[in-house]
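Single-structure report; data block below.
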Amino acid sequence: MVALSPVACAYKGLSMSSADAVTLHGAGALAPATRSSTADTYNPALAPAGARLSATLTPSGDTTTAELTVSGMLPNRGYAVHAHTNVCGDTAAAAGPHYQNRIDPAANPQKPSSNPEFANPRNEVWLDLRTDATGSGTARTTVPFVFTDRGPGSIVVHEAMETATAPGKAGTAGARIACLSLAPEGGTQGATQGVHPSS
């Protein structure tokens, strides 16, 4: 089991005491958010209670393949989805900003990164997906980095149907409507309280 503990800056993500790349996983049915819940809906009209989410981020060499599977979401709809630094919490903001492999030095908790040099699908984990007629869907991506000493704490579903990529808007996707906490495989999902902004 890999222990998780908070780090000092919200943009760094969860710290992990591992020198080897780890697999991160989360799964659950969406329910109204609480401080200790691990699968939260912040907007049941767009992310219905009872909808199921499952995410796995698996390292292989110097890359990580991320996969998100959903069921019970709205049918025939796009959802912008990203990995965020903190575990889920009782508010949508608890998940912190997007996890970045190379952290945007100009970003801060009041002004998240929107510079396409940093806010892009090769430096972050983007899992935008489109559901079918039953509200099910799968998204998969491979990124050129692995999680060793730090990693994302959650997968966040946004209200936008896809992630913006234009300068000044890169990585934006509207309000956060659902959140799924991640933990190292074999660990306890949502075992840590997320990293709270302090820098």
What closest approach, in Å, do [X] and [Y] show between heavy atoms, and which atom pair accounts for it?
| X | Y | value |
| --- | --- | --- |
| Phe118 | Pro105 | CZ-CD, 3.6 Å |
| Ala47 | Ala178 | CB-CB, 3.8 Å |
| Gly174 | His158 | O-ND1, 3.1 Å |
| Leu180 | Gly26 | CD2-O, 3.5 Å |
| Pro121 | Trp126 | CD-CZ3, 3.6 Å |
| Asp104 | Gln100 | N-OE1, 2.9 Å |

Considering residues at least two apart in sequence or located in another chain, which fulfil the side-chain hydrogen bond (donor to acceptor under 3.5 Å, both in side chains) criterion with Tyr79?
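side-chain hydrogen bond (donor to acceptor under 3.5 Å, both in side chains) list for Tyr79, sorted by chain: empty.
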Do Asp132 and Thr134 get their side chains close enough for a donor-acceptor pair, meaning under 3.5 Å?
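There is such a pair (donor and acceptor under 3.5 Å, judged by atom type) between the side chains of Asp132 and Thr134.
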Within this structure, what is the [atom1]-[atom2] distance for the pair [X] and [Y], rounded to the nearest 0.5 Å?
| X | Y | atom1 | atom2 | answer |
| --- | --- | --- | --- | --- |
| His98 | Ser113 | NE2 | OG | 9.0 Å |
| Leu46 | Thr41 | CG | OG1 | 8.0 Å |
| Asp40 | Ser181 | CG | OG | 6.5 Å |
| Thr91 | Arg176 | OG1 | CZ | 8.5 Å |
| Thr23 | Leu57 | OG1 | CG | 8.5 Å |

Pair Leu182-Phe147, side chain to side chain contact (heavy atoms under 4.5 Å, CB included): steps then yes or no:
CA-CA 12 Å; Leu182 299 172; Phe147 309 116; over 6 Å; no
Decide yes or no for [X] and [Y]: does some side-chain heavy atom of the first lie under 4.5 Å from some side-chain heavy atom of the second?
| X | Y | answer |
| --- | --- | --- |
| Val125 | Phe145 | yes |
| Val157 | Leu53 | yes |
| Pro152 | Leu24 | yes |
| Lys169 | Ser114 | no |
| Ser154 | Tyr99 | no |
| Thr65 | Thr141 | no |
| Thr148 | Asp20 | no |
| Asn101 | Val143 | no |

When you measure from the side chain of Asn120 to the backbone of Pro116, do you find a donor-acceptor pair of N or O atoms at a distance under 3.5 Å?
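Yes: the side chain of Asn120 pairs with the backbone of Pro116.
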Look only at the side chain of Asn86 and the backbone of Gly153, and say whether a donor-acceptor pair between them is shorter than 3.5 Å.
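A pair under 3.5 Å: no.
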Between Glu117 and Arg102, is the side chain to side chain contact (heavy atoms under 4.5 Å, CB included) condition met? List the steps.
CA-CA 9 Å; Glu117 181 181 340; Arg102 290 184 314 111; 3.9 Å; yes
Which pairs with one or both residues in residues 47-64 pass side-chain hydrogen bond (donor to acceptor under 3.5 Å, both in side chains), sequence neighbours excluded?
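Listed once each, the pairs are His25-Thr56.
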Look at the side-chain heavy atoms of Ile, Leu, Val, Met, Phe, Trp and Tyr, link any pair under 4.5 Å apart, and say whether [X] and [Y] land in one connected group.
| X | Y | value |
| --- | --- | --- |
| Leu129 | Leu30 | yes |
| Leu127 | Val156 | no |
| Val146 | Ile155 | no |

Tell me the salt bridge (charged side-chain N to carboxylate O under 4.0 Å, His left out) pairs involving residues 65-80, sequence neighbours left out?
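The answer is Glu67-Arg140.
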Test: salt bridge (charged side-chain N to carboxylate O under 4.0 Å, His left out). Region: residues 86-96. Which pairs qualify, not counting sequence neighbours?
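Listed once each, the pairs would be none.
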Kindly determine whether Ile103 and Arg150 satisfy side chain to side chain contact (heavy atoms under 4.5 Å, CB included), including the steps that lead there.
CA-CA 12 Å; Ile103 300 168; Arg150 66 182 184 91; 4.0 Å; yes
Enumerate the disulfide bond (SG atoms under 2.5 Å apart) contacts for residues 116-179, please, sequence neighbours excluded, ordered by first and then second residue.
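Residue pairs with at least one partner in residues 116-179: Cys88-Cys179.
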Apply side chain to side chain contact (heavy atoms under 4.5 Å, CB included) to residues Ile177 and Tyr42 and explain how you reach the verdict.
CA-CA 5 Å; Ile177 62 171; Tyr42 304 110; 5.5 Å; no
List the atom pairs, donor and acceptor, that lie under 3.5 Å between side-chain atoms in residues 161-168 and the rest of the protein, sequence neighbours left out.
unit_1, atom_1, unit_2, atom_2, d
Thr163, OG1, His82, NE2, 2.7
Thr163, OG1, Asp128, OD1, 2.9
Thr163, OG1, Asp128, OD2, 2.9

